[in-house]
2 protein chains.
Amino acid sequence: MAERVLYGYFRSSAAYRVRIALNLKGLAYRQRPVNLLKGEQKSAEYLALNPHGMVPLLDDGGVKIVQSLAICEYLDDAYPDTARLLPSDPVARARARSIALAIAADIHPLQNPRVGKHLQAEFGVGEDGKTEWIRHWIRTGFDALEQQLAASPARYAAGDEPTLADVCLLPQVFSARRFAVDLAPYPHIVRIAEALDALPAFADAHPAKQPDAV
Amino acid sequence: MAERVLYGYFRSSAAYRVRIALNLKGLAYRQRPVNLLKGEQKSAEYLALNPHGMVPLLDDGGVKIVQSLAICEYLDDAYPDTARLLPSDPVARARARSIALAIAADIHPLQNPRVGKHLQAEFGVGEDGKTEWIRHWIRTGFDALEQQLAASPARYAAGDEPTLADVCLLPQVFSARRFAVDLAPYPHIVRIAEALDALPAFADAHPAKQPDAV
């Protein structure tokens with residue numbers, strides 16, 4: 001039987017998303033850690049798999065897919081008979097995707113370690129400046145996301161079942177806590193993150209529980 | 001009959017994507033320009049529509065959707081009988097989405113004007129530094145994307161029909177040219193962009209052809 005292998009890193013938000021998605025859909029997988037601190041994502045071996053030099057990458061029995069949201073959508077398309085990451089109604093799907101993308105396209109790319117490295121190399125930004133940069137973009141995104149969630153309150157981010165929006169939300173809250181962002185202004189975000197953390201699919205995907213956690 | 005209105009800005013890559021998608025699907029729409037230079041995206045009126053204060057936003061007969069890729073996917077979901085932005089095979093869909101996201105999540109967010117403004121305000125980065133920052137992230141993304149495209153050459157970015165990947169590619173090439181990125185190292189990207197520019201759905205969405213172009 002063809003194997004399913006996730007190339008990831010315990011603390012990567014994007015890999016965390018895919019672990020949640022695989023768990024929600026009940027799809028077994030093996031982890032193949034790529035140590036970002038050691039630069040393994042830039043090794044010739046890994047670049048041959050993904051020229052972007054980023055995690056995650058899913059090898060689904062030989063089918064190799066990069067980009068966390070493309071992987072999640074693929075899982076929903078390829079395994080439609082397990083739990084769905086997106087609802088069936090087009091408008092509800094759009095809402096879940098718009099929240100997922102507000103995180104994946106507007107917050108997370110700005111906190112990627114490669115951005116901090118470039119800030120340091122080009123503009124001499126130090127550790128405090130890099131951390132404040134990350135906090136700024138998380139707060140900017142969360143300020144608007146909190147309003148979106150408050151306008152249509154539900155158990156989870158985009159309804160009463162977990163969706164792709166939640167797959168992105170919990171890892172972003174984990175990052176916010178890691179960078180000591182004050183979450184007091186975001187009661188809806190915090191409430192939903194707590195509800196998600198109580199679900200085994202989300203809890204089992206937590207960075208601290210992964211084989212490469214340090 | 002309910003009206004379809006696109007809130008956008010002629011030079012916004014993300015709005016350009018949605019114009020292409022609407023044209024490809026043959027869906028008529030009215031444009032409602034939001035002048036980003038004048039800060040209209042931060043007006044109380046617009047923030048009430050989209051708390052993120054970003055374009056585009058599609059009002060599809062009262063259904064309001066933000067985030068360009070969520071809008072494109074919505075159009076495919078809600079109007080399945082017109083041209084499809086994604087192929088039907090799950091692996092082919094994943095390939096198109098992974099290219100779209102390599103642009104929408106890994107290149108474009110770093111060149112957003114709000115990022116340049118923050119670099120200037122926090123670290124005193126000048127115009128040259130901001131432009132070089134944008135070029136760096138476009139080159140970084142294009143270096144990898146060129147390899148992806150070279151590995152599976154086709155007429156367009158993800159096959160012989162235009163897909164969501166192309167919807168993102170052409171606007172990113174437009175931005176690269178605007179910021180004078182040398183495109184000589186990217187023959188596949190340039191060839192595909194030229195092929196796309198020959199299609200009316202793409203050509204008609206060009207920033208210079210929009211009502212708010214200056």
Side-chain angles (χ1 to χ4, degrees), chain A residues 14 47 50-54 58 60 63 65-71 73-80 86 88-91 93-102 104-110 112 114-115 118-119 122-125 129 132-133 136-137 140-141 143-148 151, chain B residues 14 47 50-54 58 60 63 65-71 73-80 86 88-91 93-102 104-110 112 114-115 118-119 122-125 129 132-133 136-137 140-141 143-148 151:
Chain A
L47 287 173
N50 179 8
H52 291 275
M54 300 174 94
L58 182 72
D60 192 25
V63 171
I65 305 169
V66 294
Q67 287 289 340
S68 62
L69 294 190
I71 296 170
E73 295 262 8
Y74 162 79
L75 294 174
D76 240 16
D77 286 342
Y79 303 98
L86 288 167
S88 55
D89 172 63
V91 176
R93 290 165 76 83
R95 178 169 166 81
R97 285 188 176 120
S98 74
I99 292 172
L101 284 158
D106 287 343
I107 302 176
H108 181 247
L110 292 155
N112 191 292
R114 65 183 190 154
V115 175
H118 196 63
L119 285 172
E122 289 300 309
F123 308 126
V125 176
E132 201 40 58
W133 165 273
H136 169 80
W137 296 114
T140 301
D143 285 350
L145 188 57
E146 180 69 15
Q147 289 184 61
Q148 266 186 299
Chain B
L47 286 174
N50 180 9
H52 291 276
M54 301 172 93
L58 183 72
D60 192 25
V63 171
I65 305 169
V66 295
Q67 286 289 339
S68 61
L69 294 190
I71 296 170
E73 295 262 8
Y74 162 79
L75 294 173
D76 238 17
D77 286 342
Y79 304 98
L86 287 168
S88 55
D89 172 62
V91 175
R93 291 164 76 82
R95 179 171 165 79
R97 286 188 175 118
S98 75
I99 292 171
L101 285 158
D106 286 344
I107 301 176
H108 181 248
L110 292 156
N112 191 291
R114 66 184 189 153
V115 175
H118 196 62
L119 285 172
E122 290 298 308
F123 308 124
V125 176
E132 201 40 59
W133 165 275
H136 169 79
W137 296 114
T140 300
D143 285 349
L145 189 57
E146 179 70 16
Q147 289 183 61
Q148 266 186 300

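So that the names make sense, note that chain A is the first sequence line, chain B the second, and so on, each numbered from 1.
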Interatomic distance, CD1@A/I71 vs CZ@B/R97, rounded to 0.5 Å, equals 12.5 Å
- Within a strict 4.5 Å, meaning less than it, do heavy atoms of the B/R114 and A/L110 side chains meet? yes
Applying a strict 4.5 Å limit to non-hydrogen atoms, the region of A/H136 in contact with chain B is side chain
Most contact-rich option vs chain A, by heavy-atom pairs under 4.5 angstrom, among B/G53, B/A144, B/G124, is B/A144
Cut-off 4.5 Å, heavy atoms of chain A, and the answer for B/I65 is side chain
If one checks every heavy atom of B/A102 against chain A at 4.5 Å, the contacting part turns out to be both
d(A/N50 CG, B/S98 OG) to nearest 0.5 Å is 9.0 Å
(message) Is there a side-chain contact (heavy atoms from CB on, under 4.5 Å) between B/V66 and A/Q148? Walk through the geometry before answering.
(response) CA-CA 11 Å; B/V66 295; A/Q148 266 186 299; 4.1 Å; yes
Quiz item: Which word best sums up how the rings of B/W133 and A/W133 line up, parallel for under 30°, tilted for 30 to 60°, or perpendicular for over 60°?
Solution: perpendicular
Heavy-atom nearest pair, A/A105 first then B/A104, reads CB-O, 3.8 Å
Assert top hit (heavy-atom pairs under 4.5 Å, partner chain A, pool B/R93, B/E146, B/E132, B/H118) equals B/H118
In terms of heavy-atom contacts, B/G141 and A/H52 come closest through O-CE1, 4.0 Å
Side-chain contact, heavy-atom cut-off 4.5 Å: B/E122 with A/L119? no
Bottom line for B/T140: the part with an atom under 4.5 Å from chain A's heavy atoms is side chain
Ranking A/V63, A/V125, A/D143, A/L75 by heavy-atom pairs under 4.5 Å to chain B gives rank one to A/V125
On a heavy-atom basis, the closest approach of A/A70 and B/A94 is CB-O, 4.0 Å
